[in-house]
Amino acid sequence: MKTILLVVAVVALYILHQDIWFWRSSYLVFGFIPIGLFYQGLFSVAAALLMWLLVTFAWPSHLEREVEGTTPTEDEAP
Amino acid sequence: MIPAIVVFIYLATVVYIGIFAFRRSTGREKAEDYFLASRSLGPFVFLFSLFGTNMTAFAILGSSGHAFANGIVTFGLMASSSGLVIPLTIFLIGTRVWALGKKYGFMTPVQMFRDRWECSHIGTVIFAVQAVLLIPYVIIGIMGGGTTLYTISGGLVPFWFGGAIVAMVVMSYVFFGGMRGTAWVNTFQTVLFLCFGAVALVVIGHGIGGFTAAAEGLKNSPMSFLLTRERISPYYFFSYTFIPLSAIAFPHILIFCLTAKKMNQFKKTVIFYPICILAIWLPCVFLGVMANRVTDVPQIKAKQEARRVLATQGRTMEPEQRDALRDQAAGDDVIMLLLQHYAPIWLAGLLGAGIMAAVMASDSQILALSTMFTEDVFAFYGGKRRFGEAVQVQTGRIFIILITLFAYAVALRAPETIFELAIQYAFSGYAALSPLLVAALFWKGSTKWGALAVTVWTAATVVAVAVFQEMVPAAAPGTQNVIWTFGGMEALARTPGGTAIFKFSPVVPMVIGSALLMWLVSLVTRKPAPSTLARYFGGGHQ
């Protein structure tokens with residue numbers, strides 16, 4: 001369930017990136033930032049939050065465990 | 001000239017950091033230490049060097065230049081989509097490649113592909129395509145260096161000499177410092193250009209009399225479309241979300257993923273990557289747009305005039321005339337012109353150094369090419385066994401000199417703007433190679449023949465797009481030359497800035513075609529041995 005929610009969040013953010021609702025708007029947030037640019041700036045912050053969620057709830061710690069105790073030697077290197 | 005002197009001091013600092021500051025006396029040289037810093041980078045250096053190595057000249061120069069001509073759309077096209085896709089791929093792919101590198105000693109992506117798909121010469125084909133596609137990235141750095149020094153020095157340092165200085169500096173610290181030197185230089189540079197955006201914003205904002213007046217003026221002018229995306233097709237905008245797939249497929253990024261000491265170090269990188277992109281791109285894009293309201297900088301006025309002529313008379317001009325006007329209107333140096341005009345002279349130098357920091361990101365690409373050559377070709381075909389590891393490292397160093405000289409020679413002749421050159425060839429090509437990684441790491445059924453099909457497809461499509469754009473002149477502004485229709489739809493068209501395939505940029509069919517080929521060819525070809533699959537996907541295959 002946790003994985004499904006995270007996948008949904010990633011897909012949702014990908015769709016939100018298209019931002020068709022502010023496509024033609026030249027409204028200036030705070031009097032100087034175009035709304036389309038402001039939205040994409042907030043999108044970047046949302047992306048960072050999503051990454052925090054992924055790192056917190058879906059971190060592939062099994063990879064770390066697999067590596068522990070496996071010390072590559074020169075002979076193993078291809 | 002003072003700003004240029006500050007930049008030269010900066011270049012000397014970079015050489016010092018790269019060559020001497022973190023040098024370790026190790027006696028006999030080990031390839032893993034020279035090429036991967038012994039897989040020992042800490043969290044701070046890992047975050048900043050990984051981010052820095054992915055920020056090339058276009059992060060500051062190309063982004064502001066693109067925004068100058070196209071408006072705020074630049075940020076959504078390249079920055080915010082990268083802020084989502086790149087950390088996601090580092091999270092999903094980078095961590096897995098790191099773990100496999102630790103377990104099996106891989107130093108390059110091709111080593112992993114050869115092991116995963118039990119292939120040899122197919123790996124060499126992948127190496128060749130990767131290397132050819134990486135060279136434009138190196139060229140971008142040298143071109144950016146030439147442009148920056150030329151502008152900062154007020155034309156006293158010609159483009160060819162500026163490019164040569166940058167090439168020499170980068171070559172020196174990569175040659176002597178290897179991955180450790182490169183990583184520390186990247187860290188220093190990233191800190192510098194992260195500060196750049198905020199300072200440039202304040203200084204230029206003050207210089208042009210505040211952003212509120214400039215933005216309002218732009219909104220009420222015929223250029224108000226720059227504050228929106230009304231002149232950009234949603235298909236084109238969507239296409240660009242495929243471009244950041246290239247980042248994880250770039251060998252220098254994957255090789256950097258192998259340098260982390262612990263996997264935990266990926267956490268900060270994944271989380272802070274979108275914020276770093278925001279910090280550097282947002283000010284540059286915003287300033288690029290606002291440059292359109294600047295009336296007291298003659299060079300910027302000349303660019304605006306060239307663009308106006310192109311827009312009003314471009315349709316009746318010969319393609320060569322249009323190309324010449326496009327060159328005049330190109331805004332790659334617009335942010336430096338703003339700084340020169342509005343910043344105090346000492347600050348312009350420091351900010352110029354910040355620009356140089358972004359421009360000089362080609363170090364990692366040069367080192368990656370050297371690592372790939374020595375590991376995937378020299379060592380694989382017996383050179384390491386016959387001549388030893390010390391000779392392997394020396395071979396890598398000779399390769400660094402040769403590749404830098406080649407890139408410099410091409411940079412002197414390349415006519416495209418920084419942004420176009422990067423996007424059209426390297427980024428689209430690497431995005432099309434990304435299914436290789438996904439298939440290798442997540443699909444047991446993938447085969448070496450599927451990998452070969454992806455690689456050949458990528459090379460063929462990059463060449464096809466380049467040839468098409470060379471043969472069919474760019475369309476006039478606001479128009480497109482439809483070359484082929486299919487079922488009433490515009491299947492192939494030449495646009496003012498490139499090519500459209502069913503209205504999408506070529507990168508979309510390139511990536512989808514790669515994924516389909518990997519799937520279809522793998523379905524009908526022999527899989528690797530169960531013992532190999534077991535090493536990558538766990539039990540159940542022995």
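So you know, we letter chains A, B, ... as the sequences are listed, proteins then strands, and number each from 1. Given the structure is predicted, the values throughout are model-derived calculations rather than measurements.
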May I ask you to name which of B:Pro234, B:Ser224, B:Gly210 has the most heavy-atom pairs under 4.5 Å with chain A?
B:Pro234
Backbone N or O of A:Leu63 within a donor-acceptor pair of the B:Arg96 side chain at under 3.5 Å?
no
Quick one: what part of A:Ala58 sits under 4.5 Å from any heavy atom of chain B, side chain, backbone, both or neither?
both
If we define contacts as heavy-atom pairs under 4.5 Å, which of A:Leu28, A:Ile33, A:Val10 has the most with chain B?
A:Leu28
Could you tell me if the side chain of B:Ile72 sits less than 4.5 Å from the side chain of A:Gln40, heavy atoms only?
no
Find the distance between OG (B:Ser80) and CG (A:Leu42) and round it off to the nearest 0.5 Å.
11.0 Å
Name the region of A:Tyr27, side chain, backbone, both or neither, that has any atom closer than 4.5 Å to a heavy atom of chain B.
backbone
Let me know if B:Leu218 has heavy atoms under 4.5 Å from chain A in its side chain, its backbone, both or neither.
neither
Would you please test B:Thr95 and A:Glu64 for side-chain contact (heavy atoms from CB on, under 4.5 Å) and show each step?
CA-CA 9 Å; B:Thr95 50; A:Glu64 279 174 310; over 6 Å; no
Out of B:Val289, B:Ile232, B:Asn264, B:Val285, which one racks up the most heavy-atom pairs below 4.5 Å with chain A?
B:Asn264
For B:Phe504, look at atom CZ and say whether over 12 heavy atoms of other residues, nucleotides or ligands are found less than 6.0 Å away.
yes
If you count every heavy atom of other residues, nucleotides or ligands that lies below 6.0 Å from B:Lys219 atom NZ, does the total exceed 12?
yes
So which of A:Phe30, A:Tyr39, A:Trp59, A:Phe43 has the biggest tally of heavy-atom pairs under 4.5 Å with chain B?
A:Trp59
Residue B:Tyr235 excluded, over 12 heavy atoms near OH under 6.0 Å
no
Are side-chain heavy atoms of A:Pro60 and B:Phe91 found at a separation under 4.5 Å?
yes
Value rounded to 0.5 Å, distance of CG in B:Leu84 from OH in A:Tyr14:
8.5 Å
B:Val73 versus chain A, the contacting section by heavy-atom distance below 4.5 Å:
neither
Rounded to the nearest 0.5 angstrom, the CG-OG distance for A:Leu13 and B:Ser81 is 11.5 Å
Shortest non-hydrogen contact from B:Gly83 to A:Ala47?
O-CB, 3.7 Å
When you compare the side chain of B:Lys267 with that of A:Thr56, does any pair of heavy atoms fall below 4.5 Å?
no
Residue selection (most heavy-atom pairs with chain A, distance under 4.5 Å) from B:Phe286, B:Phe380, B:Phe211:
B:Phe286
Quick check on B:Ile277 against chain A: is it the side chain, the backbone, both or neither that has a heavy atom closer than 4.5 Å?
neither
Check whether A:Leu49 gets within reach of chain B through its side chain, its backbone, both or neither, counting any heavy atom under 4.5 Å.
neither
Of the backbone (N, CA, C, O) and the side chain (C-beta and beyond), which part of B:Arg114 lies under 4.5 Å from a heavy atom of chain A, both, or neither?
neither
Which atoms form the tightest heavy-atom contact between A:Arg24 and B:Glu230, and what is the distance?
NH1-CB, 3.6 Å
Checking A:Ser25 against chain B: side chain, backbone, both or neither under 4.5 Å from a heavy atom?
backbone
Name of the residue among B:Phe75, B:Tyr273, B:Trp281 meeting side chain to side chain contact (heavy atoms under 4.5 Å, CB included) with A:Ser44:
B:Phe75
Hey, are the side chains of B:Leu88 and A:Met51 touching, using non-hydrogen atoms and a 4.5 Å cut-off?
yes
Would you say A:Ile35 and B:Leu227 make side-chain contact, with heavy atoms under 4.5 Å?
no
Strictly distance-based, threshold 3.5 Å: is any side-chain N or O of A:Trp52 a donor or acceptor partner for the main-chain N or O of B:Ile271?
no
So that I know where these two stand, are A:His17 and B:Phe238 an aromatic pair - ring centroids less than 6.0 Å apart?
no
For the residue pair B:Phe237 and A:Trp23, is the inter-centroid distance of their aromatic rings smaller than 6.0 Å?
yes
